Undergrad: 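Let me begin by handing over the structure; questions about it come next.
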Amino acid sequence: MTPPSAARTPDDAGGAGGDARSGAKGSLTPRGRDFPRWYQEVVARAELADNGPVRGTMVIRPWGYEIWERLQAAIDERIKAAGAHNAYFPLFIPEAFMRLEAEHVEGFDPELWVVTHGGGKQLEEPVVVRPTSETVINHFFAKWVQSHRDLPLLINQWSNVVRWELRPRLFLRTTEFLWQEGHTAHADEAGARAYALQILTDVYQETMEEVAAIPVLVGHKTARERFAGAVRTWTCESMMGDGKALQMGTSHELGQNFARAFGIQYADTSGALRYVWQTSWGASTRLIGALIMAHGDDYGLRLPPALAPVEVVVLVVRDDEDAHRAAAQIADDLRRSGRRVHLDARTDSGFGRRSVDWELKGVPVRVEVGPRELAEGHVTLVTRHLRSKDAVGIGALADTVATVLSRVGRDLHQEALAFRIDRTAEAAGLAEAKEIGASGFARVPWAEIGEQGEAELAGSALSVRCLQHGDGGLASAQDPDSSLIAVVGRAY
RNA sequence: CGGGCUGUGGCGCAGCUUGGUUAGCGCGCUUGACUGGGGGUCAAGAGGUCGCGGGUUCAAGUCCCGCCAGCCCGACCA
């Protein structure tokens, strides 16, 4: 292999153009060199998503969508376990609905897409494309809730929502995205509060940690950061591979703000009319972005098996009759042992290309079957997250694969946690918080920051991600914010 | 909306300063052969109204004017 002539003249260097900039042929930009670029390349080359033709829109490709389906299933199962039921509300919302709750209006107004024409005519009343369904759903809650016997009312919806975005990024911030939004009504404040917390921990935190293998911090938002119209916003925050924070899911206590705005009242046991207490909560396709950025490495995506469309890919190393036969047999056996398996028997593209492809896509385990190892009665098992290779006897393969898969999630979680801990430090005050927050999380007493300090942080592209107890626990109703710790960092 | 920049095959770019023959390069794509244990090699191909409109000129991808689109940086967001 002779390298291209090093003595390139300035003249012909021009002709080579942009190639030099993208580094070695075909390899990803290292995360450490340019993280945003690495992210974009992973999204494109793992075939997760494409930009849509309208700015800010996103095409979710099959590989990305299957990951979403698995996330969806994990979340949906837990939502149902929490007693909520799925329903569906319309995409279009009367503009007037959006104006009913003052803070909500203010919060969402700049992000609204408004349809002014339909059927070739200007509409008498413009229609808003939902940025969230608070308003329509509460319109119906007002109708459905009459008696204390109707409570709690626990509804969830899987849908798309649309928000004007100035700086779109695939999965992380797109004009249209897919999500789940839960909306509930309760007879009293304690019931609503308990439910918001239940969703936070039993649905979101558990899914993030156990299924997505992403460690999260839980806490609540400052007034500045909380949902428009909420009394309190609870959040799951995680740290990405570049030290920035990503909000993974939020659960809001809405108090009676919407109940009053929409007239959601019930007759209590004494016959008196009372406003309900509400919650709402959501998690979106942004989680796929989190998965990429929390676990990905310089070779691409690393998927926890629970979310991987394919757990094991069986790769026929070369076009050899015995290898084909053995690989097919192995794939069958693995399927029978309950694994999601893909057999890659393509012979029209080289071994290197195919291994790299599966590595990019994050498939946790690869089994390489070629004449060389068959002659020795074993196969090669490659563990994606460690990039390690082991010779495994064919008879022991199913068990070994099960063992390897069972540790992937744990390893990824541990690695991400260790990274976060390494990038987290205590800060005594604002100045120190700024310094630490620039590359990770700073833990600083909220009393040292305050709303003024928070505004100042914004000037350095920093924000308070959440407030929590010093030990990382959630604040209780009695805790004044001034007794809490603020987690400060840069955020997506 | 304020500041900086870019529009050239599917993608990434060079060419423009100093107008001049068939507008190039890398990747990707097609076909074939040889290959095949980490993006393999060779050969032959396909693919471009140079963002749009006007102007200058014998001649415009290149110069001038206008428009449109997009990107990056600042104020909002799952």
Side-chain angles (χ1 to χ4, degrees), chain A residues 1-2 4 8 10-28 36-37 40-41 44-45 50-51 53 55-56 106-112 131-132 160-169 171-181 204 221 224-228 233 235-237 246-252 280-290 299-300 315-320 323 346-360 366 368-375 379-380 382 387 389 391 455 458-461 463 491-492:
Chain A
M1 254 207 287
T2 323
R8 242 189 180 171
D11 289 28
D12 69 345
D19 193 40
R21 198 164 306 187
S22 56
K25 178 172 70 178
S27 63
L28 288 169
R37 180 167 181 154
Q40 275 191 299
E41 289 177 1
R45 292 174 53 190
D50 252 331
N51 280 301
R55 177 184 158 76
E106 207 182 312
F108 278 105
D109 217 36
E111 298 181 52
L112 293 184
T132 173
N160 59 342
V161 285
V162 174
R163 301 175 183 181
W164 184 263
E165 286 295 349
L166 295 174
R167 295 168 59 50
R169 286 251 256 138
F171 292 118
L172 301 174
R173 206 187 300 103
T174 49
T175 274
E176 179 191 9
F177 58 90
L178 305 183
W179 77 344
Q180 144 284 310
E181 52 177 321
Y204 296 148
K221 291 291 190 182
R224 183 190 178 93
E225 298 281 332
R226 83 182 159 221
F227 177 70
T233 288
T235 181
C236 290
E237 300 281 330
L246 187 75
Q247 179 173 305
M248 309 266 292
T250 49
S251 183
H252 317 289
S280 73
W281 23 278
S284 73
T285 38
R286 168 180 269 195
L287 292 177
I288 298 171
Y299 304 94
L315 201 58
V316 179
V317 171
R318 33 189 298 188
D319 198 3
D320 171 273
R346 290 176 293 169
T347 51
D348 53 359
S349 121
F351 167 76
R353 160 61 70 102
R354 290 180 292 139
S355 338
V356 168
D357 278 350
W358 292 114
E359 190 168 62
L360 267 165
R366 199 164 68 240
E368 300 176 351
V369 184
R372 188 187 298 168
E373 56 248 293
L374 284 178
V379 293
T380 301
V382 187
R387 295 190 87 239
K389 293 191 181 192
S460 316
S463 54
Y492 277 99

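Convention: sequence-line order gives letters A, B, ...; per-chain numbering from 1. All values derive from a computational prediction rather than experimental measurement.
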Undergrad: For B:U17 versus B:C63, give the span between their C1' atoms, rounded off to a whole number of Å.
TA: 11 Å
Undergrad: Rounded to the nearest angstrom, tell me the gap between atom CZ in A:Arg173 and atom C1' in B:A78.
TA: 10 Å
Undergrad: Check the distance between B:A78's C1' and A:Ile288's CD1 and give it to me in whole angstrom.
TA: 13 Å
Undergrad: Can you check the distance between B:G39 and B:A75, where both ends of the measurement are the P atom (answer in whole Å)?
TA: 45 Å
Undergrad: Can you tell me whether the side chain of A:Arg163 and the base of B:C77 have a donor-acceptor pair closer than 3.5 Å?
TA: no
Undergrad: Just compare B:A78, B:G36, B:G37 and give me whichever is closest to any side-chain atom of A:Thr174.
TA: B:A78
Undergrad: Mind running salt bridge (charged side-chain N to carboxylate O under 4.0 Å, His left out) on A:Glu359 and A:Arg45 for me, showing each step along the way?
TA: CA-CA 11 Å; A:Glu359 190 168 62; A:Arg45 292 174 53 190; over 6 Å; no
Undergrad: Does A:Glu165 reach a base, just sugar-phosphate, or nothing at all? Heavy atoms under 4.0 Å.
TA: base
Undergrad: Are any side-chain N or O atoms of A:Gln180 and backbone N or O atoms of A:Ala283, one a donor and one an acceptor, separated by less than 3.5 Å?
TA: yes
Undergrad: Can you check the distance between B:A60 and B:G70, where both ends of the measurement are the C1' atom (answer in whole Å)?
TA: 24 Å
Undergrad: So, the side chain of A:Arg163 versus the backbone of A:Pro131: is there a donor-acceptor pair under 3.5 Å, distance only?
TA: yes
Undergrad: Heavy atoms under 4.0 Å, any strand shown: does A:Leu246 hit a base, just sugar-phosphate, or nothing?
TA: nothing
Undergrad: Can you check the A:Arg37 CZ to B:C71 P distance for me, whole Å?
TA: 16 Å
Undergrad: Report yes or no: is the cationic atom of A:Arg387 (NZ for Lys, CZ for Arg) under 6.0 Å from the centre of the six-membered ring of A:Tyr299, at an angle within 45° of the ring normal?
TA: yes
Undergrad: Could you state the CG-C1' distance from A:Leu28 to B:G38, rounded to the nearest angstrom?
TA: 14 Å
Undergrad: Could you say whether the aromatic ring of A:Phe351 and the base of B:G36 stack, counting only centre distances under 5.5 Å and plane angles under 30°?
TA: no
Undergrad: Both A:Ala458 and A:Pro168 contact RNA chain B. Taking the nearest nucleotide for each, which residue is further toward the 5' end?
TA: A:Pro168
Undergrad: Nearest whole angstrom, please: distance from the P of B:C27 to the CZ of A:Arg45.
TA: 13 Å
Undergrad: Could one point to a donor on the side chain of A:Arg318 or the base of B:G37 with an acceptor on the other under 3.5 Å away?
TA: no
Undergrad: Mind checking the CZ-OG1 spacing from A:Arg354 to A:Thr347? Nearest 0.5 Å is all I need.
TA: 7.5 Å
Undergrad: With rounding to whole Å, what would you report as the distance between B:U18 and B:G7 at their C1' atoms?
TA: 23 Å
Undergrad: Please state the P separation for the pair B:G19 and B:C1 - nearest whole angstrom.
TA: 37 Å
Undergrad: Quick check: does any side chain N or O of A:Glu111 sit under 3.5 Å from a backbone N or O of A:Phe108, one acting as donor and the other as acceptor?
TA: no
Undergrad: Give A:Arg224 one of three labels, base, sugar-phosphate or nothing, depending on what nucleic acid heavy atoms sit under 4.0 Å from its own.
TA: sugar-phosphate
Undergrad: Select base, sugar-phosphate, or nothing to describe what A:Gly282 touches, counting heavy atoms under 4.0 Å on all strands.
TA: nothing
Undergrad: Any chance you could encode RNA chain B as dot-bracket? Rule is Watson-Crick or G-U wobble with both distances under 3.5 Å; [ ] for pairs crossing earlier ones, | for another strand.
TA: (((((((..((((......[...)))).((((((.....)))))).....(((((..]....))))))))))))....
Undergrad: Work out how far the C1' atom of B:G28 is from that of B:G47, and round it to whole angstrom.
TA: 12 Å
Undergrad: With heavy atoms under 4.0 Å as the rule, sort A:Asp357 into base, sugar-phosphate or nothing.
TA: base
Undergrad: Taking atom types as they are modelled, would you say the side chain of A:Lys389 forms a donor-acceptor pair with the base of B:G38 within the 3.5 Å cutoff?
TA: yes
Undergrad: Check if the side chain of A:Arg353 and the base of B:G39 share a donor-acceptor pair of N or O atoms closer than 3.5 Å.
TA: yes
Undergrad: Taking only the side-chain heavy atoms of A:Glu359 (C-beta and beyond), determine which of B:G38, B:G37, B:A78 contains the nearest atom.
TA: B:G38
Undergrad: Do any N or O atoms from the side chain of A:Arg286 and from the backbone of A:Leu172 form a donor-acceptor pair under 3.5 angstrom?
TA: yes
Undergrad: Using side chain to side chain donor-acceptor pair (under 3.5 Å) as the criterion, list what pairs up with A:Arg318, not counting sequence neighbours.
TA: none
Undergrad: In whole Å, measure the gap between the C1' atoms of B:G2 and B:G38 for me.
TA: 50 Å
Undergrad: If the plane angle is over 60° it's perpendicular, under 30° parallel, otherwise tilted; pick one for A:His252 and A:Phe227.
TA: parallel
Undergrad: I need the CG-C1' distance between A:Asn51 and B:C11, as an integer number of Å.
TA: 13 Å
Undergrad: Can you figure out which of B:A78, B:G39, B:G37 approaches the side chain of A:Val356 most closely?
TA: B:G39
Undergrad: Categorize A:Ser251 for me: base, sugar-phosphate, or nothing, with a 4.0 angstrom heavy-atom threshold over every strand shown.
TA: nothing
Undergrad: Is there, by distance only and without an angle test, a donor paired with an acceptor across the side chain of A:Arg366 and the base of B:G38 below 3.5 Å?
TA: yes
Undergrad: Base, sugar-phosphate, or nothing: which does A:Thr285 touch, judged by heavy atoms less than 4.0 Å apart?
TA: nothing
Undergrad: CG of A:Asp348 versus P of B:G40: gap in Å, rounded?
TA: 13 Å
Undergrad: Within the 4.0 Å heavy-atom criterion, would you say A:Thr347 contacts the bases, only the backbone, or no part of the nucleic acid?
TA: base
Undergrad: In chain order, what residues pass the side chain to side chain donor-acceptor pair (under 3.5 Å) check against A:Asn160, with sequence neighbours excluded?
TA: A:Arg130, A:Glu176
Undergrad: Measure CZ/A:Phe177 against C1'/B:C77 and give the value in whole Å, please.
TA: 9 Å
Undergrad: In whole Å, what separates the P atom of B:G51 from that of B:G12?
TA: 14 Å
Undergrad: Closest-nucleotide mapping onto RNA chain B: is A:Ala461 or A:Ser355 further toward the 5' terminus? I mean the 5' end.
TA: A:Ser355
